[in-house]
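Worksheet: the structure to be examined is printed underneath.
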Amino acid sequence: MDRQTIVPMATDCKDYEPVRIESHWQDYWKKDKTFRAVDFSERPKFYVLDMFPYPSGAGLHVGHPLGYIATDIFARYKRMRGFNVLHPMGFDAFGLPAEQFAVEHGVHPRVTTGKNVANMVRQLKRLGLSYDWDRAFATTDVDYYRWTQWIFLQLYHSWFDPGRNRARPIDDLVEMLESGKLRIGRDRRILFPSRDETEDGKPDSSGGRDWNGLSETEKREVLAAHRLAYLADVHVNWCPALGTVLANEEVTNEGRSERGNYPVYQRPLKQWMLRITDYVKRLEDELDLVDWPEPIKLMQHNWIGRSEGAVAHFPVGGEPATDAAAARGESAPALSVFTTRPDTLFGATYMVLAPEHPLVDQLATPDRHDAVAEYKRQAARRTELERQADAKTKSGVFTGAFAVNPVNNERIPIWIADYVLMAYGTGAIMAVPAHDERDFEFAKQFQLPIRAVVMPGDDWLKEQADKTAADAGINGAPIDEIRRRYIRHPDVFPEAFVGQGLSINSSNDEVSLDNLATPDAKRTISRWLKDKGLGRTHVQYKLRDWLFSRQRYWGEPFPILHGPDGEILAVEEDELPVELPEMEDFRPHGSDDPDAPPRPPLGRAPESWRFVERNGVRYQRELNTMPQWAGSCWYYLRFCDPDNRERFAGPEAERYWMLGGKAKGQAENGGVDLYVGGAEHAVLHLLYARFWHKVLHDLGHVSSPEPFGRLFNQGYIQAFYYEDERGMRVPADKVVDQDGKPAEQVQDEPDRRFFFEGKPVTQRYGKMGKSLKNAVTPDDMCEEYGADALRAYLMFLGPLEAMKTWNTQGIEGISRFLKRIWREYVDRDGNRHPKIADTAESNPDTLRLLHETIKKVGEDIEELRFNTAISQMMIFVNHLQKAESFSIETARSFLKLLAPFAPHLAEELWARLDDRSSISAASWPEYDPARLEGAKVKVVFQVNGKYRGDALVDKGADQDTVLAAAKDHSKVAAHLEGKTVRKVIYVPGRILNIVVS
RNA sequence: GCCCGGAUGGCGGAAUGGUAGACGCUGCGGACUUAAAAUCCGUUCCUCGCAAGAGGGUGAGGGUUCGAGUCCCUCUCCGGGCACCA
């Protein structure tokens, strides 16, 4: 054993008194430190983690601990299986809610956060969760966020080497540049030989510039363009009312702030960004290394949004664009577009740029200048809401400029429209209206030419022809006629054909795609483009870089200083932490004016904090803070070594807990062995944490390639809630039905009318919570039924991953189950029940059922199927109750099975069987497969697939023997009467089916 | 619109292609009790039948199979995610 134990003592309860028993054992666990995780124990490690909570002021309702109880059962089970279990808990305590609560109540967020954490700890402890509380921390602890800042510095001081496909120190890059191994291309991007092929835009033929010829400022800019953390002018979701920028996920579909529902505007601002896009390929490919639910992996794939296609360059030509450009002494630019359908290049009849595209002003002809400027203004002002609402009708304006379609040298007009997004691809598209819905709508609206270049199938043609008006001349026409019309006039058809088919109308002097199937056509044209230097195949991702700064007080300060000439200076590691300054007024200063500049609260911090002198130069601290995601990106690492003052976690501790050995059940490629939380974090938290982890891994700070080896998503708890006539929610626990019965008793019965204070209310259904006034607290449930009952009930409700309806009444069944166990073990005087014999188990049925139960409960826990595990235990207890007596060994074995689910009751009864140590230290019972079945097995008899009876037969009985037994069965015989047996199917030991005519 | 999940008694749910409804809640009947609570016993998918029993039944329709809640196709409804991503 790794530890000394205090000898546990049972209470003196005569009846099952959960409240007394539970507090007794919670005290014991606390004093004994029963659940301490032991670093470097010889036993195999197992890391079980919950997604840590935000400590809200409202406290927990019964839905919150669902996942915590599941992991607790798993952790307790794994300990009994001989694992050294790390099962910690912490608090994600930075963030806007604490700040807003603090603002409303005039209390410092540190105070409210502390109070909320204390309350949540109390609630969690009361549930008997077996956390190693010595490892608990909050992300707001200075000792913690100091290392969040340290990780930010690692990002800042690193770059992604596309050749090695991993992050490296920025110093390595400087060295390579100084030695002339790398040169600098357009936009301060370094030319990497390996990436040249996939680089966006026109290939740089100049060979690039030499690093040593650059000015200091230019050098800084080049490095900034490659650091994993960088400042950039980006279009952000600016919410003037909240005085802060918001991440995309914090903006609703209606284009308003998730918190407060204020309008959000698009606006360029200088913000910190993290270069997550450099990791996109690894974030996608390495999903193969983890054991996660497929739907969650799929959501990450969709978010990453990989599309294969080609980049093509369209020279901007024709007058007057070239003339205008020539007049300014500029060479004609080329517009690059990304397309997933390069096979439709011959059908590109116009181009569209995003209104924010940098070449728009240069391209617009003088006569179109005003219209273009006006459209740009409008587009900038339009909120997401307006854009969404207008998604059906396309808007846009002609720039006056023309480009040349490189496959046929055709002059095609260049438009701008807000249906093209600057943030995706190159911010420009080639429009192929015949084969893209959006381009089709736009072309129809602005009467642009539509040219068919892919032949649809006959079914599609007929279906479309049927939708056209009679005067179009194709409705009901012969298929040959419809085909002919499509080739010449796709515009008379009501929709674009976006499917695959054989190419048509697609050839020039050098290349022909005609009659090629779409995949072949793509390959052929891509090769041609590449040979001609007009484009290349390209993989495009939807994922964008991560906007990492917020204009808020209650977050981690950046360890960054700004010099007078725009120099950015990272705070030295040994100067960390940069503590959040104490402030009287930490409110974000909102405004109704969307154009007002952001005024982060830290701008009002004391001068002594804001300004720092280095080498005689006065620097100002970065005034933004990090987003709430930052703290939750690496907390699982801190749990490995939470008190380390020298590092975020000691390398040995990190390696022990995160990589471990290769014990059965551990995550295959390392990482947390079981991570449980809600599916709402399927994308962002998990993607961000994976990104940070990979950076730390590349820099040699962590040992596993992925942070979370096995992931499980628990479902929500839903509940009924009630609204009065005005749509106001009323407290659900005060609602009664027409007979005056509490609503919670009759909530799912039909034909109920509900009333609150005599007035009728409407029953609705939704996620449990404060806002719907339907929260049921674990405190109330523990008080009335005990934590063991609440734990088991939440698990009994249904599959862990499913959405479940709370029904307070149902807990009675579990409560009875626990009381029944007590009565089987303890007599009326509080002594060991006389039914428990000190002999070996003598009842063969008990023995068989016990082994079945050991098997089923163990297997179900491994798969997190706790509901069926509990059912099996109920079956076993129902059997014990009917048995005359049972052995002390049977009694002990069952308690071990019960212990993960109802640990307090199990400890209490275990101690009463004169055991001298905690049941948590007992080892999980093994089942004996030989005990699972008797000498005889039950075979079901069917006639024509219908059950007609069954009988016990010898295990090894052959078909003829069983068939004879079946024919002896009176009911089977009755159904065979007068029929001819056609066929007999016998599944040994299971079923015999007689097919008759 | 696209991509994932689901749909089984009055309710929560259970069923390696092999007796559908385990386990529990509720309801009903009974025992114990002066009474109540607690506890225990019985019963509770639908239809017909006094009963023994027979027939039907897992959102709808079709298919594969000796046999389908489970596998395949089409559709309906509900939940979740993404959404002008070229």
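So you know, we letter chains A, B, ... as the sequences are listed, proteins then strands, and number each from 1. Note: hydrogens, waters and symmetry copies are ignored here, and every other heavy atom, side chains too, is used.
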Sugar-phosphate only, base, or nothing, as touched by [X] at under 4.0 Å among non-hydrogen atoms:
| X | answer |
| --- | --- |
| A:H975 | sugar-phosphate |
| A:Q942 | base |
| A:K542 | base |
| A:M803 | sugar-phosphate |
| A:T805 | nothing |
| A:L797 | sugar-phosphate |
| A:D439 | nothing |
| A:I985 | base |
| A:V940 | base |
| A:N944 | nothing |

Protein-nucleotide distance ([X], atom [atom1]; [N], atom [atom2]), rounded to Å:
| X | N | atom1 | atom2 | answer |
| --- | --- | --- | --- | --- |
| A:L298 | B:G80 | CG | C1' | 13 Å |
| A:I991 | B:A15 | CD1 | C1' | 14 Å |
| A:Y765 | B:C11 | OH | C1' | 12 Å |
| A:W822 | B:U39 | CH2 | C1' | 17 Å |
| A:Y785 | B:C25 | OH | C1' | 12 Å |
| A:W303 | B:G80 | CH2 | C1' | 14 Å |
| A:R306 | B:C2 | CZ | C1' | 20 Å |
| A:L794 | B:G12 | CG | C1' | 13 Å |

From the list [options], which nucleotide is the closest neighbour of the side chain of [X]?
| X | options | value |
| --- | --- | --- |
| A:D418 | B:U39, B:C84, B:G18 | B:C84 |
| A:T868 | B:C84, B:A14, B:A86 | B:A14 |
| A:T340 | B:G13, B:A86, B:A38 | B:A86 |
| A:N993 | B:A14, B:C25, B:C66 | B:C66 |
| A:K971 | B:G13, B:C84, B:G53 | B:G53 |
| A:V987 | B:A38, B:G12, B:G18 | B:G18 |
| A:K804 | B:A86, B:C25, B:G13 | B:G13 |
| A:I875 | B:C23, B:C40, B:A86 | B:C23 |
| A:T339 | B:A14, B:A86, B:C84 | B:A86 |
| A:L421 | B:G13, B:C23, B:A86 | B:A86 |

When you check the glycosidic angle of B:G9, does it come out syn, meaning within 90° of 0, or anti?
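What B:G9 shows is a syn base, its glycosidic angle lying within 90° of 0.
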Check: A:L932 and A:K855 side chains under 4.5 Å, non-hydrogen atoms
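Sidechains of A:L932 and A:K855: in contact.
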Would A:K394 count as a cation-pi partner of A:Y419, with NZ or CZ less than 6.0 Å from the six-membered ring centre and within 45° of the ring normal?
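Relative to the ring axis of A:Y419, which defines the angle, A:K394 lies inside both limits.
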Please state whether the rings of A:F497 and A:H435 are parallel, tilted or perpendicular, taking 30° and 60° as the class boundaries.
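A:F497 vs A:H435 ring planes: perpendicular.
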[atom1]-based separation of [M] from [N] [nearest Å]:
| N | M | atom1 | value |
| --- | --- | --- | --- |
| B:G62 | B:A51 | P | 34 Å |
| B:A22 | B:G13 | P | 15 Å |
| B:G69 | B:U8 | C1' | 7 Å |
| B:C71 | B:U64 | C1' | 8 Å |
| B:C23 | B:A14 | C1' | 7 Å |
| B:G10 | B:C46 | C1' | 13 Å |
| B:C3 | B:G17 | P | 27 Å |
| B:U76 | B:G61 | P | 15 Å |

Are the aromatic rings of [X] and [Y] close, with centres under 6.0 Å apart?
| X | Y | answer |
| --- | --- | --- |
| A:F442 | A:Y350 | yes |
| A:F866 | A:F796 | no |
| A:F720 | A:W806 | no |
| A:F712 | A:W292 | no |

Considering just the side-chain nitrogens and oxygens of [X], establish if one lies under 4.0 Å of OP1 or OP2 belonging to [N].
| X | N | value |
| --- | --- | --- |
| A:Q881 | B:C40 | yes |
| A:R816 | B:C40 | no |
| A:N867 | B:A14 | yes |
| A:S307 | B:A86 | yes |
| A:N878 | B:G24 | yes |
| A:R948 | B:A54 | yes |
| A:R990 | B:G17 | no |

Closest approach of A:N944 to A:N993 (non-hydrogen atoms, all atoms of both residues)
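Nearest heavy atoms, A:N944 then A:N993: N-OD1, 3.5 Å.
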A:V683 and A:Q300: which non-hydrogen atoms are nearest, and at how many Å?
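In terms of heavy atoms, the two residues are closest at O-NE2, 3.5 Å.
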Return the 5'-most residue of the pair A:K882, A:I811 with respect to RNA chain B, ranking by each residue's nearest nucleotide.
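Looking at RNA chain B, the more 5' nearest nucleotide goes with A:I811.
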Between A:G305 and A:S871, name the one whose nearest nucleotide on RNA chain B is closer to the 5' end.
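By nearest-heavy-atom nucleotide position, the 5'-most residue is A:S871.
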For residues 983-990 of chain A, please give each side-chain donor-acceptor pair under 3.5 Å, one per line with the distance, not counting sequence neighbours.
unit_1, atom_1, unit_2, atom_2, d
A:Y986, OH, A:G989, N, 3.2

Looking only at side chains, do A:T805 and A:Q718 share a donor and an acceptor under 3.5 Å apart?
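Absent: no donor and acceptor within the cut-off.
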Enumerate, in order of first residue number, the stems that involve RNA chain B, defined as 3 or more consecutive Watson-Crick or G-U wobble pairs with both distances under 3.5 Å.
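Detected stem regions: B:1-7 with B:76-82, B:10-12 with B:23-25, B:27-31 with B:39-43, B:45-48 with B:53-56, B:59-63 with B:71-75.
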Using ring pair (Phe, Tyr, Trp, His ring centres under 6.0 Å), reason through A:Y721 and A:Y765 one step at a time and then give a plain yes or no.
CA-CA 6 Å; A:Y721 67 96; A:Y765 183 64; 8.6 Å; no
Could one point to a donor on the side chain of A:E812 or the base of B:G24 with an acceptor on the other under 3.5 Å away?
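For A:E812, whose side chain was compared with the base of B:G24, there is no donor-acceptor pair (under 3.5 Å).
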